[in-house]
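Note sheet for the following structure.
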Amino acid sequence: AGSPWDDSIGGSDSGSISVWERDNSSSSFSTVTSIKLVDIDGRENDWLGYGGPCLSGNGLILAAASHGDDGGGESSGSVVVWERSNKSTSFADVASIKLVDPEGGAWDQLGYGGPSLSADGLIVVAASYGDDVAGMIDCGSVLVWTRS
């Protein structure tokens, strides 16, 4: 679950993701304590988790957007991805990676509304609705990351 207004380690409204991981399918979620995932580079008003996180069909990859991330200019945005090698490894025990638009700029807001992830985890897609393309201001774009 996304908590974009969480005042976690990055400051006010830096955001976080809450994850409930069960040991097996017969365990009740009511007996599980959630873990909190944050962007270790998160800052105030990044809003990690706005639009909700997404999980691959095999449960190994989790992605969430941080559309207020200022890494490529004010509110340029980013997508944070956690990948674990198996279901017995907690997402809390893996390092996140950050995806950004290499041509992004201020107010692109990459990931606004949340990213999408293919069932097999090979494709991550995120909108950059404020992207300026071919001289057109705020016409938007969609970024696609693929791996084989």
Side-chain angles (χ1 to χ4, degrees), residues 1-131 138 140-147:
S3 301
W5 294 278
D6 186 21
D7 302 334
S8 57
I9 63 169
S12 177
D13 297 339
S14 55
S16 67
I17 304 299
S18 294
V19 179
W20 291 261
E21 298 172 320
R22 301 185 296 175
D23 292 331
N24 56 60
S25 60
S26 62
S27 297
S28 171
F29 279 111
S30 65
T31 64
V32 177
T33 302
S34 66
I35 59 168
K36 183 186 284 191
L37 303 175
V38 297
D39 177 358
I40 59 170
D41 297 325
R43 300 288 180 260
E44 184 173 7
N45 298 322
D46 277 359
W47 300 296
L48 175 67
Y50 186 88
C54 55
L55 184 67
S56 64
N58 62 12
L60 299 179
I61 301 171
L62 178 69
S66 186
H67 73 275
D69 189 332
D70 297 331
E74 187 172 357
S75 292
S76 54
S78 66
V79 175
V80 182
V81 179
W82 292 266
E83 181 178 4
R84 58 189 183 175
S85 57
N86 56 62
K87 291 180 184 176
S88 62
T89 301
S90 173
F91 282 112
D93 296 331
V94 298
S96 63
I97 60 166
K98 187 178 285 192
L99 304 176
V100 297
D101 181 352
E103 298 174 4
W107 296 103
D108 284 357
Q109 297 192 36
L110 173 65
Y112 186 85
S116 294
L117 185 58
S118 64
D120 60 11
L122 297 178
I123 302 170
V124 177
V125 179
S128 184
Y129 88 99
D131 196 7
D138 295 339
S141 64
V142 174
L143 281 84
V144 180
W145 293 268
T146 60
R147 64 183 187 147

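Residue numbers start at 1 and run along the sequence shown.
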Tell me which one of Ser66, Ser78, Ser75 satisfies side-chain contact (heavy atoms from CB on, under 4.5 Å) with Asp46.
Ser66
Exactly one of Ser116, Ser118, Ser56 clears side-chain contact (heavy atoms from CB on, under 4.5 Å) with Ile123, and that residue is Ser118
Taking atom [atom1] of [X] and atom [atom2] of [Y], what is their separation to the nearest 0.5 Å?
X: Leu37; Y: Leu62; atom1: CG; atom2: CG; value: 6.5 Å
X: Lys87; Y: Asp23; atom1: NZ; atom2: CG; value: 13.0 Å
X: Tyr129; Y: Trp107; atom1: OH; atom2: CH2; value: 8.5 Å
X: Asn45; Y: Ser12; atom1: CG; atom2: OG; value: 6.0 Å
X: Glu103; Y: Asp131; atom1: CD; atom2: CG; value: 8.0 Å

Return the minimal non-hydrogen interatomic distance between [X] and [Y], and the atom names on each side.
X: Ile61; Y: Gly121; result: CD1-O, 3.5 Å
X: Leu48; Y: Trp82; result: CD2-CH2, 4.3 Å
X: Gly71; Y: Ser76; result: N-OG, 3.8 Å
X: Asp6; Y: Ser16; result: OD2-OG, 2.7 Å
X: Ala65; Y: Gly111; result: CB-O, 3.1 Å
X: Val81; Y: Ala63; result: CG2-CB, 4.1 Å

Please tell me if the side chains of [X] and [Y] come closer than 4.5 Å, counting only heavy atoms from C-beta onward.
X: Val124; Y: Val144; value: no
X: Val79; Y: Lys98; value: no
X: Thr33; Y: Ile35; value: no
X: Val94; Y: Thr89; value: yes
X: Ser18; Y: Trp20; value: yes

Charged N to carboxylate O below 4.0 Å: is that the case for Arg84 and Asp93?
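Salt bridge absent between Arg84 and Asp93.
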Check Arg43 with Asp69, please: is the shortest side-chain N to carboxylate O separation under 4.0 Å?
no
Test side-chain contact (heavy atoms from CB on, under 4.5 Å) applied to Thr146 and Leu122, step by step
CA-CA 6 Å; Thr146 60; Leu122 297 178; over 6 Å; no
Kindly say whether [Y] contributes a backbone atom to a donor-acceptor pair with the side chain of [X] at under 3.5 angstrom?
X: Glu21; Y: Phe91; answer: yes
X: Ser28; Y: Ser30; answer: yes
X: Asp108; Y: Leu110; answer: no
X: Asp13; Y: Trp47; answer: no

